[in-house]
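Here's the structure, in structure tokens; my notes come after.
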Amino acid sequence: MFDVKYLRDNLEQARERLASRGGEIDLAPFADLDGRRRTLLGDAEALKAERNKVSALIGKTKDKSQVQGEIVRMQEVSKRIKALDEELKGVEAELQGLLLTLPNLPHEDCPVGTSEDDNRELRSWGEPRQFEFEAKPHWELGEQLGVLDFERAGKIAGARFSLLRGAGARLERALINFMLDLHTDHHNYVEILPPFMVNREAMTGTGQLPKFEDDLFHLDDPDFFLIPTAEVPVTNIHRDEILAAVDLPVCYTAYTPCFRKEAGSHGRDTRGLIRQHQFNKVELVKFVVPEESDRELEKLLDNAEEVLRQLQLPYRVVDLCTGDIGFSAARTFDIEVWLPGQQAYREISSCSNFRDFQARRAAIRFRREAKGKPELVHTLNGSGLAVGRTLLAIFENYQQKDGSVVIPEVLRPYMGGLEKITAQG
RNA sequence: GGAGAGGUGGCCGAGUCGGCUGAAGGCGCUCGCCUGCUAAGCGAGUGUAUGGGGUCAACCUGUACCGAGGGUUCGAAUCCCUCCCUCUCCGCCA
């Protein structure tokens, strides 16, 4: 969310920077609402000041008959205050509604562009393996090995669900544990196991609401949402809190399942594990002082890349352009893993700096000194990594001619020493 | 699900019959003093948001906030209603 004062004083600049995301945003209603709000507030507060003063006087007067006239007058004043407050409430709700639907300002270093075609490849790691046979897509491998079952998942739940079995299920679990161990033991993140359902306030805090309710799975009674990413519950851990600068950066990692309706992606990635209504993810979340957020994003990105390096999976890093970054993000780097079955790099992690956008929505602040004024933290997060996509990347990159899949070295301890997944009965 | 208790400032904890209570007291914290270490002691200060003024920083001033939202009243932390959350006991349950 925007700083109202910034917007008030830099309306034109804000309009231009937002326009770089593609699509004009009309900020004129803001100026109008903000002006009306301040006028109403001033009027209402002047009346309240008078009422407070007179009420104190009435309170001190023993003989109420002496102040009967004032009491009557204050009855009128109170009526007017009530009317003004009501109008003010309407204006503020409208203003808030507008502010909550404005996306974040892109970072100054974010490449300007209109679509993913303008994203900038920063680097790549690892050489895509040359196959002496035709590489199969993971869904064929998984089904032939008897460890991946889309048909039965469809029977149980529906499209875009999957079911892992035997060594497949164990591999998913191994990946979760491997990632969590890496981030907690070597990258200094604190492990969190948060609620998988959250309330509206939490969803609003990180930016999913009010704009993207259609993408979320919702429970009517009680009014809960299934989390689309651990970012939501984990970032909201410190909602309405003031942290101490000495405790920053606060770094959390969390495994959670993620639930997404994928409402706008009919027909895309309909086969395989790429796009599911439910998938597992290990997330990295940081709360940092503003001046460190760029650097912390680089570190977070590197922490996520490390997972792929240890798994020996080729990948590249892409700097998303202004037209491709998400609603709440100021800067985003995607990590894309090489998929031989598709002969393409596909997103496996998205690492973003939200600056103070989420912090303002969720009131997450810090103090530099014990007596200092509270300031907004910067929040960051990134996948470290999407587990299902990592599993499918292993299937495709580690497949053998006979259809078996070799287990990456670092995962074998998590697989009870298993070195290769072969067809299961 | 049933019965009961409760939600006050960073924490603990007072708030009588509604009226100088933004909120006693204690702890913690900050600054200063003192004690040649540590501890103790003394003094002062110590919420957030927002509007206005300002040499726009330290400052002055208005308003709001005692779980949330309504209501009663000239005036509510204090009375009434609704909701949320926490705790205890019973029931149920992984």
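By convention in this document, chain letters (A, B, ...) are assigned in the order of the sequence lines, proteins followed by strands, and residues within each chain are numbered from 1. Every heavy atom of this structure was used, including side-chain atoms; hydrogens, water molecules and symmetry mates were not. All of these numbers come straight from a predicted model, not from anything done at the bench.
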Could you state the [atom1]-[atom2] distance from [X] to [N], rounded to the nearest angstrom?
| X | N | atom1 | atom2 | answer |
| --- | --- | --- | --- | --- |
| A/R38 | B/rU50 | CZ | C1' | 11 Å |
| A/E201 | B/rC85 | CD | P | 11 Å |
| A/I242 | B/rU46 | CD1 | C1' | 13 Å |
| A/K79 | B/rU73 | NZ | P | 10 Å |
| A/E241 | B/rG47 | CD | C1' | 15 Å |
| A/I71 | B/rG19 | CD1 | C1' | 12 Å |
| A/K53 | B/rC20 | NZ | C1' | 14 Å |
| A/D247 | B/rG10 | CG | P | 16 Å |

With a non-hydrogen cut-off below 4.0 angstrom, is [X] in contact with a base, only sugar-phosphate, or nothing?
| X | result |
| --- | --- |
| A/R51 | sugar-phosphate |
| A/E70 | nothing |
| A/L41 | sugar-phosphate |

Is the A/F327 to A/F357 ring centre distance short of 6.0 Å?
->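 They qualify: ring centres under 6.0 Å apart.
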
From A/N177 CG over to A/R170 CZ, what is the distance, rounded to the nearest 0.5 angstrom?
->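 The CG atom of A/N177 sits 9.5 Å away from the CZ atom of A/R170.
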
Say you pick atom [atom1] in [N] and the same atom in [M]; how far apart are they, in whole Å?
| N | M | atom1 | answer |
| --- | --- | --- | --- |
| B/rG7 | B/rU78 | P | 12 Å |
| B/rU8 | B/rA24 | P | 15 Å |
| B/rG25 | B/rA3 | P | 41 Å |
| B/rU46 | B/rG36 | C1' | 31 Å |
| B/rC66 | B/rG19 | P | 16 Å |

Quick one: do the A/D181 and A/H186 side chains pair a donor with an acceptor below 3.5 Å?
->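 There is no such pair between these side chains.
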
A/M203 and A/P228: which non-hydrogen atoms are nearest, and at how many Å?
->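 Nearest heavy atoms, A/M203 then A/P228: CE-CD, 3.4 Å.
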
Among [options], find the nucleotide with the atom closest to the side chain of [X].
| X | options | value |
| --- | --- | --- |
| A/K60 | B/rU48, B/rC74, B/rC20 | B/rC20 |
| A/K48 | B/rU63, B/rG52, B/rG19 | B/rU63 |
| A/K89 | B/rG70, B/rC74, B/rC20 | B/rG70 |

Nearest nucleotide by nearest heavy atom, which residue falls closer to the 5' end of RNA chain B, A/E45 or A/V54?
->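 First, find each residue's nearest nucleotide; the 5'-ward one identifies A/E45.
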
First encountered from the 5' end of RNA chain B, between A/G42 and A/A46 |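 In this pair, the answer is A/G42.
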
For the residue pair A/V285 and A/T379, establish whether any side-chain heavy-atom pair is separated by less than 4.5 Å.
->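 SC-SC contact between A/V285 and A/T379 ruled out.
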
